[in-house]
Protein chains: 2
Amino acid sequence: MSDVARLAGVSKMTVSRVMAGQSASEATRERVQRAIDELGYVADAAAGALSSGRSSFVAVLVPSLSSSNFSDTVSGLTAVLEPQGLELLIGDTDYLPDREERLVRQMLRHQPRCIALTGSRHTAATRALLQRSGVPVVEMWDLPAEPIDMAVGFSNVNAAREMVRYLADKGHRRIGFLGGASDLDRRGIDRLKGFQLETKALGLDRDRVVRLGESPITMSHGAPAMAELLSRWPDTQAVMCVSDMSAFGAIMECQRRGLRVPADIAVAGFGNFEIGACCHPSITTVSVDAYGIGQRAGEAIVAALGAADGGGRRTVKTRTPYAVVPRESA
Amino acid sequence: MSDVARLAGVSKMTVSRVMAGQSASEATRERVQRAIDELGYVADAAAGALSSGRSSFVAVLVPSLSSSNFSDTVSGLTAVLEPQGLELLIGDTDYLPDREERLVRQMLRHQPRCIALTGSRHTAATRALLQRSGVPVVEMWDLPAEPIDMAVGFSNVNAAREMVRYLADKGHRRIGFLGGASDLDRRGIDRLKGFQLETKALGLDRDRVVRLGESPITMSHGAPAMAELLSRWPDTQAVMCVSDMSAFGAIMECQRRGLRVPADIAVAGFGNFEIGACCHPSITTVSVDAYGIGQRAGEAIVAALGAADGGGRRTVKTRTPYAVVPRESA
DNA sequence: TTGAAAGCGTTACCAA
DNA sequence: TTGGTAACGCTTTCAA
């Protein structure tokens with residue numbers, strides 16, 4: 001920066017102001033800009049953050065970057081935060097709470113303006129770390145009873161219950177559930193819980209549950225899970241899957257066996273992934289607005305940052321919509 | 001840090017050394033650690049970077065985070081770089097060179113130890129920026145004739161040619177190609193180029209090309225593209241798609257029309273996505289080791305960082321393997 | 001509108 | 001093994 005200042009014949013402060021877009025005469029601004037371009041000067045963000053006491057980072061932690069649901073959420077966050085001059089520090093927890101804790105600790109070192117987490121289950125140390133740091137927190141994809149700070153999401157339990165009611169309304173009584181074997185995917189567990197609560201409420205058979213495959217359960221797990229379900233309960237009329245991915249795998253297994261979907265067996269998914277709209281038969285699912293969760297979270301973050309210096313109030317919980325999307329498969 | 005030092009009864013320097021894992025007596029180390037825990041002290045990364053002159057960031061730019069190919073590459077990078085204490089600064093260029101330029105400029109502000117880019121097409125300004133910065137660069141997913149610095153990937157042109165030969169060996173003469181309409185997906189363009197070169201070399205019809213949909217072409221585009229191809233060249237025997245995603249959409253369209261794959265028409269994909277292995281019929285494809293590209297890129301980065309202080313040599317180009325994977329669809 | 005000085009929290013370097 | 005001092009490159013603050 002000294003080099004730029006020297007070349008432009010001004011002080012460092014003037015260079016700093018020009019870069020920040022603050023008041024400066026047009027002539028000065030131009031000379032400084034010319035010097036910047038000539039030298040290819042790029043300001044050091046670490047020095048800026050240290051000096052001003054505020055970084056431009058927002059930390060985002062998702063369980064898996066390869067799930068389109070979560071990468072859509074990241075896109076939504078990007079769309080809102082980037083225009084504010086904020087940068088995303090993205091981390092992938094791999095569904096592991098310990099890894100989340102390590103990543104939170106690591107990201108805290110960069111003094112992020114806010115931290116966006118997925119879900120509401122965190123280690124005690126993670127919560128303590130966040131509380132102590134004083135950094136605003138948004139929990140996404142769930143509506144925890146006691147959020148750390150802010151939350152943007154929906155009740156996976158209730159969304160799953162709605163799908164059960166949809167299937168029951170279609171006349172199905174013997175309904176199965178296909179989910180992952182691991183308890184780490186809390187949203188998956190909540191959907192299973194919703195299945196169990198609603199089948200009980202409706203007086204339906206609650207036992208037809210197959211849990212198979214590590215989080216995140218992918219389409220590869222759908223087929224063996226379906227096979228297992230059919231071998232244990234051959235008279236099953238409808239199957240609800242923890243996601244469209246597993247539903248797709250399940251439907252493929254049905255096709256291999258010559259079972260018609262939905263004539264012989266109905267199959268429903270969850271999450272409204274692109275595959276469910278394209279495949280044949282198309283998959284009845286629950287749409288959840290993954291991108292919108294990111295957007296809303298971004299808006300909550302911007303509001304919280306504004307409130308910090310403006311003294312305004314912040315929204316604590318934002319409920320995002322979900323809806324059963326009837327298609328061909330159920 | 002002063003607080004920790006005071007509480008532990010040592011100097012700031014000792015605290016710094018304990019945190020860096022440098023020489024310190026066991027007793028001191030323990031007292032300092034206790035103070036750190038008690039105060040919940042988290043070191044400021046910006047100050048550390050400023051002082052030491054080196055950050056712990058590696059910047060990674062991919063065209064799209066929601067493509068499993070690229071998120072697999074990011075996983076590969078993470079697996080290698082995280083154990084080295086490096087952190088990924090991930091950016092999504094959305095296939096736009098201008099956006100890439102903006103992101104490169106932004107990431108350069110954080111003084112990354114290395115920058116990993118996707119592909120070999122960049123704006124002149126991007127190249128200039130990178131050259132001036134002196135930061136090591138890895139270009140992934142391609143083998144440019146003149147890499148900026150290092151490169152890890154394979155020739156998409158040659159990989160596509162191999163698929164054409166595979167289809168020709170199966171006896172197909174009238175082969176079509178389904179790709180995206182935009183020129184931004186350079187890997188897609190290279191695959192099309194490979195298709196055209198090899199069909200010409202084999203004396204086959206080169207005109208059966210349908211380009212439809214923005215980058216990245218997804219499964220939703222496969223169906224209309226297939227429909228277009230069939231309406232223009234109804235006697236097509238085999239179709240090669242720019243990715244498994246579009247191949248899947250194309251196959252769905254065939255099923256809707258009652259066309260049997262591969263009996264009536266063969267369909268091949270590219271990239272070995274999970275869907276190709278699960279769906280029915282399973283999709284013949286070209287496997288490309290997306291995760292391995294990330295790993296190798298990570299190793300190249302570690303080597304380059306080591307070479308910087310060790311004086312060793314760095315690998316310039318790393319060729320990653322690809323192979324036609326015969327399945328049911330072609 | 002511009003400039004000078006102080007200081008942000010850490011690490012490098014040298015001395016004890 | 002430990003501590004003091006300077007310095008990293010910028011922004012804040014105050015003064016001109």
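In what follows, every chain begins at residue 1, and chains take the letters A, B, ... in the order their sequences are listed.
- Residue order along DNA chain D, read from the 5' end via each residue's closest nucleotide, puts B:S25 first among A:L50 and B:S25.
- In this structure, the separation between CZ on B:R105 and CG on B:L129 is 5.0 Å, given to the nearest 0.5 Å.
- Atom-to-atom, CG of A:L108 to P of C:dG9 comes out at 16 Å; the value is rounded to the nearest Å.
- Distance, B:M19 CE to C:dT11 P: 8 Å, rounded to whole Å.
- Within the nucleic acid shown, A:G48 comes within 4.0 Å of sugar-phosphate atoms alone, with no base atom in reach, counting heavy atoms only.
- Residue B:Y41 has a polar side-chain atom (N or O) positioned under 4.0 Å from OP1 or OP2 of C:dT10.
- Listed pair B:S16 / C:dT11 meets the phosphate criterion, a side-chain N or O lying under 4.0 Å from OP1 or OP2.
- When side chains are defined from C-beta on, B:L77 does not count as touching B:V58, because their heavy atoms never get closer than 4.5 Å.
- Taking atom CD1 of residue A:I36 and atom C1' of nucleotide D:dC10, one finds them 14 Å apart after rounding to whole Å.
- If you take CZ of A:R54 and P of C:dG9, they are 15 Å apart, rounded to a whole angstrom.
- Contact check for B:T123 versus B:E100: no side-chain heavy atoms found under the 4.5 Å cut-off.
- Counting heavy atoms from C-beta on, the side chains of B:L130 and B:I115 come closer than 4.5 Å.
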Sort me out a list of protein N/O and nucleotides 3-5 of chain D N/O pairs below 3.5 Å, or just none if empty.
| from | atom 1 | to | atom 2 | distance (Å) |
| --- | --- | --- | --- | --- |
| D:dG3 | OP2 | B:S11 | N | 3.0 |
| D:dG3 | OP2 | B:S11 | OG | 3.1 |
| D:dG3 | OP2 | B:T14 | OG1 | 2.4 |
| D:dG3 | N7 | B:R17 | NH2 | 2.5 |
| D:dG3 | O6 | B:R17 | NH1 | 3.1 |

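- Using a 4.5 Å cut-off on side-chain heavy atoms (C-beta onward), A:V104 and A:L117 make contact.
- At least one side-chain nitrogen or oxygen of A:T28 sits closer than 4.0 Å to the OP1 or OP2 atom of C:dT2.
- For A:E30 and C:dT2, the CD to P distance is 13 Å, given to the nearest whole Å.
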Could you tabulate the donor-acceptor pairs under 3.5 Å formed by side-chain atoms of residues 84-92 of chain A, not counting sequence neighbours?
| from | atom 1 | to | atom 2 | distance (Å) |
| --- | --- | --- | --- | --- |
| A:E87 | OE1 | B:H110 | NE2 | 2.9 |
| A:E87 | OE2 | A:S56 | OG | 2.7 |
| A:E87 | OE2 | B:H110 | NE2 | 3.0 |
| A:D92 | OD1 | A:D94 | N | 2.9 |
| A:D92 | OD2 | A:L65 | N | 3.2 |

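- Between B:S52 and the phosphate of C:dT10, there is no side-chain N or O to OP1/OP2 separation shorter than 4.0 Å.
- The side chain to side chain contact (heavy atoms under 4.5 Å, CB included) test with A:L61 singles out one residue from A:M140, A:H122, A:M107, and that residue is A:M107.
- Whole-Å rounding puts the B:Q22 CD to C:dT11 C1' distance at 9 Å.
- Residue A:S51 places a side-chain atom within donor-acceptor reach of the base of C:dG7, judged by atom type and a 3.5 Å distance cut-off alone.
- Spacing between atom CD of B:Q111 and atom C1' of D:dG9 amounts to 9 Å, rounded to whole angstrom units.
- A straight line from NE2 of A:H110 to C1' of C:dC8 spans 17 Å, rounded to a whole angstrom.
- As judged by a 4.0 angstrom heavy-atom cut-off over every strand, B:A20 is placed among residues making no nucleic acid contact.
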